[in-house]
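Report on the following structure.
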Amino acid sequence: MSHIRGKDTRIEVLVRRYLFSRGLRFRKNDRRYPGHPDVVLPKWHTIVFINGCFWHAHQGCSKYSIPKSNVEFWTAKLTRNHDRDIAQHAALESAGWHVIVVWKCELAKPVREARLERLYTEITAPGSMASNELAGLANAAGSINAGGSIV
């Protein structure tokens with residue numbers, strides 16, 4: 001297990017390259033936050049975790065199954081990983097961050113483009129936290145007319 005990569009995996013690089021090409025700027029593997037998120041987008045107040053289905057116990061995924069040998073060890077390990085992920089996401093959400101999880105199975109070639117486009121939309125959508133905060137700043141700076149311009 002010492003050769004299992006913790007950062008800069010193929011799927012992480014793929015997602016980061018896509019987000020960068022769409023004009024989003026981010027920090028990667030920022031150790032200041034619980035779970036050392038793979039992508040932190042401060043402007044959008046969003047954190048993205050890019051998880052492997054096996055290591056993070058993606059329920060209902062064909063890539064996740066308990067190995068047949070040393071079942072007790074693997075069950076305990078994968079359960080701990082899953083529980084830790086839930087606790088870290090809860091801590092980030094309670095701190096006001098929007099947490100998005102992208103699973104490896106969602107980045108398979110047949111569905112990759114759709115998932116990456118959905119990720120971009122989740123980050124930048126008008127209903128996202130960052131858009132609401134930006135609107136709040138605009139309201140604080142001055143009143144907004146019906147056309148959306150600051151007066």
Side-chain angles (χ1 to χ4, degrees), residues 1-65 77-151:
M1 283 192 291
S2 65
H3 292 279
I4 303 297
R5 295 181 134 206
K7 58 185 179 179
D8 295 331
T9 62
R10 190 175 304 134
I11 58 174
E12 285 180 30
V13 172
L14 181 123
V15 170
R16 289 196 315 251
R17 188 174 291 144
Y18 176 81
L19 294 176
F20 192 86
S21 73
R22 294 295 304 262
L24 298 178
R25 299 303 178 252
F26 50 83
R27 295 185 198 122
K28 60 179 202 152
N29 306 109
D30 198 332
R31 299 183 72 81
R32 293 178 291 176
Y33 304 104
H36 314 298
D38 301 311
V39 177
V40 178
L41 298 118
K43 176 183 176 182
W44 301 101
H45 216 65
T46 301
I47 288 181
V48 180
F49 286 95
I50 304 156
N51 291 344
C53 297
F54 173 75
W55 293 107
H56 295 273
H58 187 196
Q59 303 298 320
C61 178
S62 63
K63 306 261 188 264
Y64 169 66
S65 64
K77 177 168 185 53
L78 297 176
T79 301
R80 274 193 319 270
N81 287 356
H82 184 69
D83 294 345
R84 184 192 63 229
D85 289 345
I86 290 170
Q88 290 167 347
H89 295 182
L92 289 165
E93 287 171 350
S94 68
W97 289 91
H98 177 61
V99 178
I100 301 171
V101 177
V102 177
W103 294 98
K104 183 177 181 177
C105 64
E106 295 175 324
L107 297 172
K109 281 194 179 188
V111 294
R112 180 179 300 163
E113 285 303 316
R115 178 57 178 122
L116 291 173
E117 186 60 39
R118 195 171 91 233
L119 173 64
Y120 179 79
T121 303
E122 286 179 76
I123 294 168
T124 61
S128 72
M129 295 174 92
S131 298
N132 293 339
E133 288 175 13
L134 292 174
L137 291 174
N139 284 334
S143 59
I144 297 179
N145 65 18
S149 303
I150 299 176
V151 184

Run the side-chain contact (heavy atoms from CB on, under 4.5 Å) check on L116 and R22 step by step: do they pass?
-> CA-CA 10 Å; L116 291 173; R22 294 295 304 262; over 6 Å; no

Show your working on side-chain contact (heavy atoms from CB on, under 4.5 Å) between V39 and I100 and close with a plain yes or no.
-> CA-CA 10 Å; V39 177; I100 301 171; over 6 Å; no

Carefully, step by step, assess V48 and I123 under the rule side-chain contact (heavy atoms from CB on, under 4.5 Å).
-> CA-CA 9 Å; V48 180; I123 294 168; 4.3 Å; yes

Audit row: L41, I47, side-chain contact (heavy atoms from CB on, under 4.5 Å) steps and yes/no = CA-CA 6 Å; L41 298 118; I47 288 181; over 6 Å; no

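With rounding to the nearest 0.5 angstrom, the CZ atom of R84 is 12.0 Å from the OG1 atom of T79. To the nearest 0.5 Å, atom CH2 of residue W103 and atom SG of residue C53 are 6.5 Å apart. Distance CH2/W55 to NZ/K77: 6.0 Å, rounded to 0.5 Å. Atoms CG and OG1, on L19 and T46 in that order, are 10.5 Å from each other to the nearest 0.5 Å. Here R112 contributes atom CZ and E106 contributes atom CD; the two are 12.5 Å apart, rounded to the nearest 0.5 Å.
The heavy-atom pair separating L78 from A57 by the smallest distance is O-CB, 4.1 Å. Summarising the geometry of Y64 relative to Q59, their closest heavy-atom pair is CE2-NE2, 3.9 Å, with the distance given to 0.1 Å. Across all their heavy atoms, H36 and R31 have their closest contact at ND1-CA, 3.2 Å. Residues G96 and H45 share a closest heavy-atom pair of O-CD2, 2.8 Å. Between S94 and A91, the shortest heavy-atom distance links the atoms OG-O, 2.8 Å.
Residues F49 and H56 keep their aromatic ring centres 6.0 Å or farther apart.
One finds a salt bridge joining D8 and K28 here, because a Lys/Arg side-chain nitrogen approaches an Asp/Glu carboxylate oxygen to under 4.0 Å.
R25 CZ: more than 12 foreign heavy atoms inside a 6.0 Å radius.
Counting only heavy atoms from C-beta outward, the side chains of L24 and T124 approach each other to under 4.5 Å. Counting heavy atoms from C-beta on, the side chains of F26 and R16 come closer than 4.5 Å. Residues K104 and R10 are not in side-chain contact: their nearest non-hydrogen atoms beyond the backbone lie 4.5 Å or more apart. Using a 4.5 Å heavy-atom threshold, the side chains of V102 and I11 count as separate. Contact of the D85 side chain with the Q88 side chain is registered, since non-hydrogen atoms from C-beta on lie closer than 4.5 Å. A 4.5 Å side-chain heavy-atom check between H89 and V101 finds at least one atom pair inside the cut-off.
By the 30° and 60° cut-offs, the orientation of the rings of Y120 relative to Y18 is perpendicular.
The side chain to side chain contact (heavy atoms under 4.5 Å, CB included) test applied to R27 returns D30, R32, Y33, V40, P42, not counting sequence neighbours.
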